[in-house]
Amino acid sequence: MKQKDKFRYAEKCMYEYKRNMACIEILREDLRVERSGTDVHAQNYQYTFSFTGEPSNPVQARLIKIEQLEDRIRKLERWTKPITMLKSDLTSPESLDKSHNKELYEVMELMYFGNNQPDAIIEELRIARRTLARRRRELVLTSISYLGL
């Protein structure tokens, strides 16, 4: 994978982090509902006929839906867990350079999670445009290493 592709992928993961976290919560709730429904209806082994004329098993259909939900959750977690770890490392009290990490975290919050424009971030943090570009690049390069690219 080329460096610019890694850069774009890491930025995409950060831009979509909040939405993906919300999707994970919704999918987990759906999974809880499906699992509880499977427990309640586990004794229902009545076969019905599908459009193809073959018998379909409602228990098997539920199990397939549960597997699909679990797969979607795992896929979203592959994108969100590294970003969550990066966030926790930047806000960690054990970090050596707290002021630099705090600035990186603020850039991450405002740019990627807050969807602010660069001019608004510059005004909010009172930093130069070049400093913002350097912090953004450093943040994305760090996230690339967290994503394992």
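Atoms considered below: every heavy atom in the structure, side chains included; atoms not considered: hydrogens, waters and symmetry mates.
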**Student:** Flag the pair R137 / F7 as yes when at least one side-chain heavy-atom distance between them is below 4.5 Å, and no otherwise.
**Tutor:** yes
**Student:** Around atom CZ of R126, are there more than 12 heavy atoms of other residues, nucleotides or ligands at under 6.0 Å?
**Tutor:** no
**Student:** Atom NZ of K75 and atom CG of L27: how far apart are they, to the nearest 0.5 Å?
**Tutor:** 11.5 Å
**Student:** Please tell me if the side chains of Y9 and I144 come closer than 4.5 Å, counting only heavy atoms from C-beta onward.
**Tutor:** no
**Student:** Applying salt bridge (charged side-chain N to carboxylate O under 4.0 Å, His left out), run through R136 and E11 and close with a yes or a no.
**Tutor:** CA-CA 10 Å; R136 175 180 163 244; E11 272 200 319; 2.7 Å; yes
**Student:** Report yes if some heavy atom in the side chain of R135 is under 4.5 Å from a heavy atom in the side chain of L139; otherwise report no.
**Tutor:** no
**Student:** So, taking the atom named CG in L125 and the one named CG in L132, what distance separates them when rounded to the nearest 0.5 Å?
**Tutor:** 7.5 Å
**Student:** Determine, using the 4.5 Å side-chain heavy-atom cutoff (strictly less than), whether I26 and Y17 are members of one ILVMFWY cluster.
**Tutor:** no
**Student:** Would you give the length of the straight line joining atom CD of E109 to atom CG of L104, rounded to the nearest 0.5 angstrom?
**Tutor:** 12.5 Å
**Student:** Show your working on salt bridge (charged side-chain N to carboxylate O under 4.0 Å, His left out) between R134 and E138 and close with a plain yes or no.
**Tutor:** CA-CA 6 Å; R134 282 195 303 268; E138 182 180 351; over 6 Å; no
**Student:** What distance separates L63 CG from E34 CD, expressed to the nearest 0.5 Å?
**Tutor:** 10.0 Å
**Student:** Is there a salt bridge (charged side-chain N to carboxylate O under 4.0 Å, His left out) between E77 and R74? Walk through the geometry before answering.
**Tutor:** CA-CA 5 Å; E77 284 178 342; R74 278 193 296 271; over 6 Å; no
**Student:** Could you please spell out the steps behind the side chain to side chain contact (heavy atoms under 4.5 Å, CB included) verdict for W79 and M21?
**Tutor:** CA-CA 10 Å; W79 294 337; M21 290 300 286; over 6 Å; no
**Student:** Nearest 0.5 Å, what's the CG-CZ distance between L69 and R35?
**Tutor:** 9.0 Å
**Student:** When you compare the side chain of M14 with that of M111, does any pair of heavy atoms fall below 4.5 Å?
**Tutor:** no
**Student:** Please examine the side chains of I121 and E124, heavy atoms only from C-beta on, and report whether any two atoms are closer than 4.5 Å.
**Tutor:** no
**Student:** Out of curiosity, D30 CG to I66 CD1, how far, rounded to the nearest 0.5 Å?
**Tutor:** 11.0 Å
**Student:** Let me check something: do Y15 and Y146 share a hydrophobic cluster, defined by ILVMFWY side-chain heavy atoms less than 4.5 Å apart, either directly or through other members?
**Tutor:** yes
**Student:** Please answer whether the main-chain N or O of K87 pairs with a side-chain N or O of T91 as donor and acceptor at a distance below 3.5 Å.
**Tutor:** yes
**Student:** Are any side-chain N or O atoms of S143 and backbone N or O atoms of V140, one a donor and one an acceptor, separated by less than 3.5 Å?
**Tutor:** yes
**Student:** Going through the checks in order, is the side chain to side chain contact (heavy atoms under 4.5 Å, CB included) test met by D71 and Q68?
**Tutor:** CA-CA 5 Å; D71 286 343; Q68 290 172 342; 5.6 Å; no
**Student:** Start with the C-alpha gap between I83 and F113, add the side-chain angles, then the distance that decides, and say whether side chain to side chain contact (heavy atoms under 4.5 Å, CB included) holds.
**Tutor:** CA-CA 11 Å; I83 305 302; F113 304 154; 4.0 Å; yes
**Student:** Please determine whether salt bridge (charged side-chain N to carboxylate O under 4.0 Å, His left out) holds for the pair E16 and R19, giving the CA-CA distance in whole Å, both sets of side-chain angles, and the decisive distance to 0.1 Å.
**Tutor:** CA-CA 5 Å; E16 294 179 355; R19 183 180 63 85; 3.4 Å; yes
**Student:** May I ask you to test the R129-D119 pair for a side-chain heavy-atom distance under 4.5 Å?
**Tutor:** yes
**Student:** Can you check whether L76's main-chain N or O pairs, donor with acceptor, with T80's side chain at less than 3.5 Å?
**Tutor:** yes
**Student:** Answer yes or no: are there more than 12 heavy-atom neighbours, outside K6 itself, under 6.0 Å from its atom NZ?
**Tutor:** yes
**Student:** Please tell me if the side chains of L141 and Q3 come closer than 4.5 Å, counting only heavy atoms from C-beta onward.
**Tutor:** yes
